[in-house]
Each structure stands twice: as structure tokens, then as C-alpha cells.
Number of protein chains: 2
Amino acid sequence: MTSFFHVLNANRLLTELPTVERDGFMAVCENVELSFGEVLFQPTETITHAYFPIDSFISLIVVLDSDNRLEVAMAGREGMLGSSLVLGIEETPLLALVQGAGSALRITAENFQQLLLCSPVLHQRLKRYIYVVMKQLATSAACNHFHRIEGRLARWLLMTQDRAGSDQLNLTHEFLAMMLGVRRAGITLAAIALQARGLIRYQRGTITVLDRLGLIEASCECYNEDCALYAKMLPVL
Amino acid sequence: MTSFFHVLNANRLLTELPTVERDGFMAVCENVELSFGEVLFQPTETITHAYFPIDSFISLIVVLDSDNRLEVAMAGREGMLGSSLVLGIEETPLLALVQGAGSALRITAENFQQLLLCSPVLHQRLKRYIYVVMKQLATSAACNHFHRIEGRLARWLLMTQDRAGSDQLNLTHEFLAMMLGVRRAGITLAAIALQARGLIRYQRGTITVLDRLGLIEASCECYNEDCALYAKMLPVL
DNA sequence: AGCGCTATGTACGCTAGCGTGCCGACGCTT
DNA sequence: AAGCGTCGGCACGCTAGCGTACATAGCGCT
């Protein structure tokens, strides 16, 4: 197995493709480094590229107005950005903000859409991915409405940990407040509660997950359901 | 802003198709009557049919658990049910509840997926529809989180009015409470406020829209944005 | 060592909405 | 005309979370 293949292998949507499809993809993609805070897409902007994160991850955020924004989805190595290209639409409804620096494979919108025409396996897999995202969006709507900050915070930390592949996350309360659409002080209280239960430890912009199972326990059910849905629709082959 | 429904008496996704595609569709679809309260899909159930409402409309509801449910989308003659079939997935994530009785065109999952293979115009239009739904799901998440009951109620009444094609809606506060994921008493207060402003009138299970423009004024911006998005992505040809 | 920026802790009063329960009014049935 | 089930009005205390403000504490920089 070549190291190049290993890199490709790192995005879960691209694993185990037929050789011809993989080669086709590799021929037209490029490796890019994404840095924290980078904005890949602005809402309603035309998409020029699709991204397949390898060890980076990106938050997808609804911007209602300048005061009200809310993260509704996240894409790491299990997903992609620019999925609306799969539907033949060259615009994105959401703000895409790089939340974990790292690398990603990038492909131009045009090449990507060409490629899909002769990559039925990939195409089908990406349609399944869109279905997963739709269900997650719907669940998010209910979760944000009904669940308490503490449970939502726990869920968010778990999702981030999965994508960062590390116990240690660089996050401020301020940033978390923006993601969850709540006050910074609200995050502080929830974080104190989680820390008091020994589930996390944090200091000045770094949060460490100490007890992953306990955190799952503390999170709302939505975390487990998200995982189960992904596993069902996009199993590791 | 005017609503985008009043002109047509057929399903808007099916209008202005090339003759070949329309004939193909008509050959395999059937007309069905949907009655209030009927459940067309249960979450995670296998979909057997796609529906294209004509003068009926259907609520799509996330069921978190027995206490917590929330409407996240609505499909009337501007949309369809079973859009995941367009993605090649034969299951639905949401509860589909008939909210306005009436007729719809129905087509079996198998026929539908066959048909799409030789109906490029329809296929493309339905992919655009999925994009619209995705954006609406994302916006809903933020709207339900940030906006007050009164504004959300106004928005919901407008959306329902558009799809019912009538000023008079048969709705109880109880039902509205379930849709918006709030208390019945919360709806009563919001409804009193809207009535006091002369925007609606209601009485024992019937709500009449008196001042549509005023109601738009009272609703959150999400209503206008939904309309604008649909108009942009799926214009009348 | 001291400065200053930023992250976090905390406290204040306030509001929206919750859960609940009760009552009256409407209107359908008999 | 009476009875009854459903619908809507309302009131109670309660909670989560808001907006705001200010204080402390860690950390990099000079």
C-alpha cells in the first residue's frame, strides 16, 4: 500500500472505491492545508471547490443575522463540504468555518461534477451522505430546541473529539457559545458542571476530555443517534 | 411579497415538464385522497411511494421521543414527499402527517426511481427541491432556537395558508402547540396577541387570516426567506 | 517584573416559556 | 333542553437562559 493511497484513505467517503474511480479522483484533486478560522464558503456564495477533509474539520453555520448564528452540522474526515454540488447546485446555504486546522483534498466544482458522471460508486455514496446530513439537520433543529445547554455541550465536545482525533481540543467558551447559539456565561456554567463530574478538564482555551463514556452519558441522545445513523448508512466496507 | 402558490392547480414540481416526461409520469401515477391526521410515513420506515400533493399538505415532524416532537418542514403542492428516493434511499427520517386533507399524485418507489432515469428535467428539478429543503431545515433549526413563539406562529400560519389555499384554517391551539414544540397555553397567548392586532380571528378550531400583509410583518424573517429561496431555486417557468 | 490582552468566574435583575390545573364556553349529540 | 366532550382563557409558581457588567487570572510580550 502506497503512502499516497493512505492519504486518500483518510477520508471515509473515499475509502474502498473501485480502482478506476479512485484514480480518476486522484488525478484531479489536490491536497490543501486549512487553517483555523478560515472561511471556506459564505452563505449563498458560488462554490468553486468541494473539500474532503483528512484531518481537518469544518463547522457549518446558519447565519440568521449578525447576532444570531448557530452551528447545524460539522464535516470532518467522515464527510465532505460542498455536497450541494452532488445535487448539481453550485451554491451553499451555510457558512463553512474551519474549526480544526489540517489537510483536506480539494477538487474544483467542474472537475467534481464531471467525475461523478463516471464514478457511480462514489456518486451513490455521496447521495447517502446527503441523506445523513438531512436527517442530522432535522434532528439538530429539535435538539437545539428541546435539550439543555449541558447536554448539547457534551454532545458537541464528543463530535469534535471524534473529528479532531485527540482528547485535547482548542476551544474557548466564547467560541462554544457561538456554536451553540447561547451566552458565553451559559457555556461557563455548563463546563463547570461537566468538569465537576470529572468528565472534562479545561483551562484557557484548551478542553481535555477525561471520561469519554461519562461524557456520552451526560450528552443528549442525539449524539448516539447521529453515530448510529452514519454507521447504518455509510458503514465501513 | 406574494405567495407562490395561488396560480396553479397542479403540483408545482410537475408543471412545465417536457411532454415525454409528463406522459411518463402520468402513466404510472395514481390519484389518491389523503385525509386529515393520516400518517404517510413513520420515521425509519421503508418508503413504498412518493407523493406529489395537489391540494393536500403534509407536515414533516422530527420525533425525538414521545414528549418531544417538532415540525421541521411542510410539503404542499410546491413540494413532494419521499424526496430521499431521489437520492436512491428508500427510507424516510421523518414522520409525515397529513395536515390538510385533499388529493395527491402517488407513485410507487420502484416506478419513481425508474422514471427518474429517463426524466432528466424532473430529476434535476427534484434535486433542486432537495437543496431547498436542506436549506429550510437548517434555517428552521436556527428559527426555532432564536425566534419567539408569536413570530413563529405567524410564520406557520402563513405557510399553512399558502398550502391550504384558503384564509380559513382548521386548527386547534393544541395542534399548533405540537407543531411548534411549545405549550398549548403558549399558543393561546400568541394567538391572543395576533388577534388583538387584527391579523387573525379564531374560534373553536378555526383560524381565519384577516390581514395577510400584517401577518407577514408580525412573522419572523424566515417566512420571506423561505419564499425567496423557493422562488430563486424553483422559479415558475 | 510589569503590562496588557484575553479567557474565565460570577452576580444582578429580567424574560420567555414551562408544567399544571381549573374554569367557562361552545357546540354536538341525544 | 340537557349533557358532555372539547376548546380556549387564565393563573400559579418555577426554571433556563438572557443581557450585562465587572472582577480575577493566566499568559505572552517587552
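Order of the sequence lines sets the chain letters (A, B, ...), proteins ahead of strands, with each chain counted from 1.
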Give B:R148 one of three labels, base, sugar-phosphate or nothing, depending on what nucleic acid heavy atoms sit under 4.0 Å from its own.
-> sugar-phosphate

Could you check how far CD of B:E174 sits from C1' of C:dT20, rounded to whole Å?
-> 13 Å

Would you indicate whether the side-chain heavy atoms of B:Y129 and B:M233 approach each other to under 4.5 Å?
-> no

If you measure from the Lys or Arg side-chain nitrogens to the Asp or Glu carboxylate oxygens, is any gap between B:R106 and B:E30 under 4.0 Å?
-> yes

N/O (side chain, A:Y202) to phosphate O (OP1/OP2, C:dG9) under 4.0 Å = yes

Using a strict cut-off of less than 4.0 Å between a Lys/Arg side-chain nitrogen and an Asp/Glu carboxylate oxygen, indicate whether B:D226 and B:R155 qualify as a salt bridge.
-> yes

For A:H147 and C:dC18, give me the distance from atom NE2 to atom P, rounded to whole Å.
-> 14 Å

Rounded to whole angstroms, how far apart are CD1 on A:I192 and P on C:dA11?
-> 10 Å

Is it true that B:E174 and B:R183 have a side-chain N and a carboxylate O under 4.0 angstrom from each other?
-> no

B:E217, CD: over 12 other non-hydrogen atoms inside 6.0 angstrom = no

Mind checking whether A:W156 and A:F175 have parallel, tilted or perpendicular rings, split at 30° and 60°?
-> perpendicular

Rounded interatomic separation in angstrom, taking CG from A:L171 and P from C:dT6 | 18 Å

What nucleotide, of C:dT20, C:dG27, C:dC22, holds the atom closest to the side chain of B:Q203?
-> C:dG27

For A:A191, answer base if it contacts any base atom (sugar-phosphate contacts may also be present), sugar-phosphate if it contacts only those atoms, and nothing otherwise; contact means non-hydrogen atoms under 4.0 Å.
-> nothing

Touch check for A:G205, heavy atoms < 4.0 angstrom, all strands: base, sugar-phosphate only, or nothing?
-> sugar-phosphate

Could you check how far NE2 of A:H145 sits from C1' of C:dC18, rounded to whole Å?
-> 11 Å

Return yes if the base of C:dG27 and the side-chain atoms of B:R204 contain a donor-acceptor N/O pair under 3.5 Å, otherwise no.
-> no

Classify the side-chain pair A:Y131/B:E91 by whether it contains a donor and acceptor separated by less than 3.5 Å.
-> yes

Footprint ends on DNA chain D, 5' to 3', for atoms under 4.0 angstrom from a heavy atom of chain B, come out as D:dG5 to D:dC10

Sugar-phosphate only, base, or nothing, as touched by A:L189 at under 4.0 Å among non-hydrogen atoms | nothing

